[in-house]
Amino acid sequence: MTRLTDLLLPTERQPPADAEALSHKLMVRAGLVRQVGAGLWSWLPAGWRVHQKVVQIVREEMDAIGAQEMLMPLITPAELWQRSGRYAIPELFKLKDRKGADLILALSHEETLTFHVAAAVQSYRDLPKLLYHFQTKGRDEARPRAGVLRTREFIMKDAYSFDRDEDGLQISYEKYAGAYDRVFDRCGLEWYSVQSDVGMMGGSGAHEYMAPCPAGENDVALAPGYAANVEVAGAEAPPAPPLPDSISGELHTPGASTIDALAQSLGVHPGCLLKAFPVVTESRGLVTLFLRGDHRVQEVKLANALGEEFRPAQADELEAAGLVGGFMGPREGVPAIYDAAVTPGRYVVGANRVDWHEVIEVGAGERLDFRRVESGDTVDGRTIRVEPAIEVGNIFKLGVRYSEPLRATYLDEAGRERLMVMGSYGIGPARIAAAAVEQFADERGISWPRAIAPWDVHVVALGRAGEESRAAAEALTAELEAGGLAVLLDDRDAGTGEKLTDAELLGVPLRLVVGKRSLESGVVEAQARRGSEDLEPVALDGAAEAVARLWRGLP
RNA sequence: CGGGGAGUGGCGCAGUCUGGUAGCGCACCCGGCUGGGGGCCGGGCGGUCGCAGGUUCAAAUCCUGUCUCCCCGACCA
């Protein structure tokens, strides 16, 4: 039993002035978390209970697939990271000890675990190995944001798999994927897994687990049977209306240096225009990308499509090539690449002269897909919608990205030395908590899924200290606890409104109100936090069982 | 890193333009009333006005520097 009079639960009537995201506001208001610095948060007792609930669910599902829990240090010798090549990451916290030795704060633990497994495992007989831990991560984020959604220090469950080959990795990957499905289901979240970008570091496959909500940092493209991060999603765009024949040749377009202005002055759909996006790459030099005026470049897709990194061209480079900002178009000597949604036909492009555009005929040449998909696009005839989501977990086929530099090898049956094939699998418990707040909160506050609520039942004892209702609430609480429920008892000497309002803010799934009015009939009032209708009152006689039953029926 | 905004009691804010020694609501403490939706009355506690320097008889207010935090973007292995 937790008595509210013992608990540090600093609820606030007003959200912090600088909070933007709903989960940020509510988690602070409900007394779950407090900020220490930018991206640095303390978990107060009630919030930590939620975090621990999530951790326990994750732990159980990891154990269930045969993964073994361990613990590796946050502070790590820099040398391991120098070997893996990750020492240069800007987000990496770097420090020195008193002897001047270089150390880092691990932002994940591939290096450390690969180091251990490389030393401990020599034979194919010892593979596969599935391992995980919950450990603090340090990440010097350029921009921490939205309360606990993006922080510079946080606890992550990071898991790893070591296999002898790709086939083995596939099996391990599927085990973790299954465990993840169960974790997010059990946490009561609305979620889906999406294909994700494997990044420049390579890797042969990756999925992200996404919890849709407005505060999400990722945009996800969804259609029946299809889900992908917009960083990789590809789709068919609805065709743009044809450019009227009346518009042709050279066009005097004074001041129309933006797509909107140009489309408006010509009276045509923005899709009839081509937008130019000049970039420079290592192997190609300056290239101009063209996509429909109503489309946007998706930079991750672009890098993948190009097969190399790129940067926007600089003003002097444009000038040297004769490209004119605001009126840019194809030009002799500058390679042009068209987006896949630019179907052959007539388009308005810049004439590379200030205040002039022209109509060109685009043929059926080579295309790359580098535009961002938009709501209304289709995949195999199914309409896509794009929505924001929080990334709550990811699974990633690493391959030999770490086993190679860190020499994690084993001997196969033939005595040949071979590289272990790895996977990594992350979950952020804090993000799961924040996502649950985002997804289920209403105007009164948080509404926890049963599985991760800080307590199972919130007993509100009305009346003054010493009154009969207080004693009844105490007795009821003890009985519920004996029956296996975790109960928060509001035993404060506060007004009814304050107690009920705080209960709704905190969001425990089942609330029981003990007051003299209902006690006269030998019952307490029950209300589910989610859904507004009162449940049937619960008779004090046999309450433990009845309440447990009610609780089991909640979401 | 670029753009924008903000630092005044635990929280939310006013005061800054026009310099005169800090105020409001909530919270908190004491007393009393009330006791099923943040109730009422009375009395209180609490602030180096982010920090440093400067101007001035006098600085929350003007000047210079600096730190911190938030939002948008970039970045996010």
- Item | Summary of protein contacts for nucleotides 25-43 of chain B, nucleotide by nucleotide, where a base hit scores B, a sugar-phosphate-only hit scores S (4.0 Å, heavy atoms) | BS--------BBBB-----

- Its contact letters, B for base, S for sugar-phosphate only and - for none at protein heavy atoms under 4.0 Å, make nucleotides 68-74 of chain B read -SSSBBB

- Message: Need one value for A:Pro90: base, sugar-phosphate or nothing, where a base atom within 4.0 Å counts as base even if backbone is also close, heavy atoms only.
- Response: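 Since a base atom lies under 4.0 Å of A:Pro90, the category is base.
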
With both distances under 3.5 angstrom, what nucleotide forms a Watson-Crick or G-U wobble pair with [N]?
N: B:C69; answer: B:G5
N: B:A14; answer: none
N: B:C28; answer: B:G44
N: B:G20; answer: B:C57
N: B:A74; answer: none

- Message: Which residues pass the salt bridge (Lys or Arg N to Asp or Glu O under 4.0 Å) test with A:Glu387, not counting sequence neighbours?
- Response: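 In terms of salt bridge (Lys or Arg N to Asp or Glu O under 4.0 Å), with neighbours along the sequence ignored, A:Glu387 is linked to A:Arg385.
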
- Task: Check salt bridge (Lys or Arg N to Asp or Glu O under 4.0 Å) between A:Glu141 and all other residues, then give those that pass, not counting sequence neighbours.
- Result: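 Here the qualifying residues are A:Arg150.
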
Could you tell me how far [M] sits from [N] if I compare only their [atom1] atoms? Round to whole Å.
N: B:C30; M: B:C17; atom1: P; result: 41 Å
N: B:C70; M: B:G12; atom1: C1'; result: 16 Å
N: B:A27; M: B:C41; atom1: P; result: 12 Å
N: B:G20; M: B:A58; atom1: C1'; result: 7 Å
N: B:A74; M: B:U56; atom1: C1'; result: 45 Å
N: B:G47; M: B:A14; atom1: C1'; result: 15 Å
N: B:C49; M: B:U8; atom1: P; result: 11 Å
N: B:G44; M: B:A6; atom1: P; result: 36 Å

- Query: Is any side-chain N of the basic residue among A:Arg292 and A:Asp294 closer than 4.0 Å to the acidic one's carboxylate O?
  - Reply: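 Result for this pair is yes, salt bridge flagged.
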
- Message: By the definition side chain to side chain donor-acceptor pair (under 3.5 Å), identify the one residue from A:Tyr173, A:Tyr176, A:Tyr425 that meets it with A:Ser161.
- Response: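 Among A:Tyr173, A:Tyr176, A:Tyr425, the one meeting side chain to side chain donor-acceptor pair (under 3.5 Å) with A:Ser161 is A:Tyr425.
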
- Message: Going by the rule side chain to side chain donor-acceptor pair (under 3.5 Å), which residues pair with A:Asp6 if we only count those two or more places apart in sequence or in a different chain?
- Response: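 Here no residue qualifies.
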
- Item | Gap between atoms CD and P, on A:Glu231 and B:C75 respectively (whole Å) |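 My rounded result for the distance is 10 Å.
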
- Whole Å only: how far is the CG atom of A:Leu92 from the C1' atom of B:C75?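 Rounded to whole Å, this separation is 15 Å.
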
- Between A:Pro16 and A:Ala88, which is nearer to the 5' end of RNA chain B once each is assigned its nearest nucleotide?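 Going by which nucleotide is closer to the 5' end, it is A:Pro16.
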
- Task: Please work out which of the three classes, parallel, tilted or perpendicular, describes the rings of A:Trp191 and A:Phe184, given edges at 30° and 60°.
- Result: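 Tilted: the ring planes of A:Phe184 and A:Trp191 meet at 30° to 60°.
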
- Query: Honestly, is A:Lys94 close enough over A:Tyr87, meaning NZ or CZ under 6.0 Å from the six-membered ring centre and within 45° of the axis?
  - Reply: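 Pair A:Lys94/A:Tyr87 counts as cation-pi.
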
- Task: Please say whether the positively charged group of A:Arg530, taken as NZ for Lys or CZ for Arg, lies over the ring of A:Phe440, i.e. under 6.0 angstrom from the six-membered ring centre and within 45 degrees of the axis.
- Result: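 Positive - A:Arg530 is close enough to the ring of A:Phe440 and near enough to its axis.
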
- A:Arg492: partners by side-chain contact (heavy atoms from CB on, under 4.5 Å), with sequence neighbours left out: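 So A:Arg492 forms a side-chain contact (heavy atoms from CB on, under 4.5 Å) with A:Leu4, A:Thr5, A:Asp490, A:Ala494, A:Glu498, A:Lys499, A:Asp502.
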
- Check: A:His24 and A:Leu149 side chains under 4.5 Å, non-hydrogen atoms: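 Side chain of A:Leu149 against side chain of A:His24, heavy atoms only: no contact under 4.5 Å found.
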
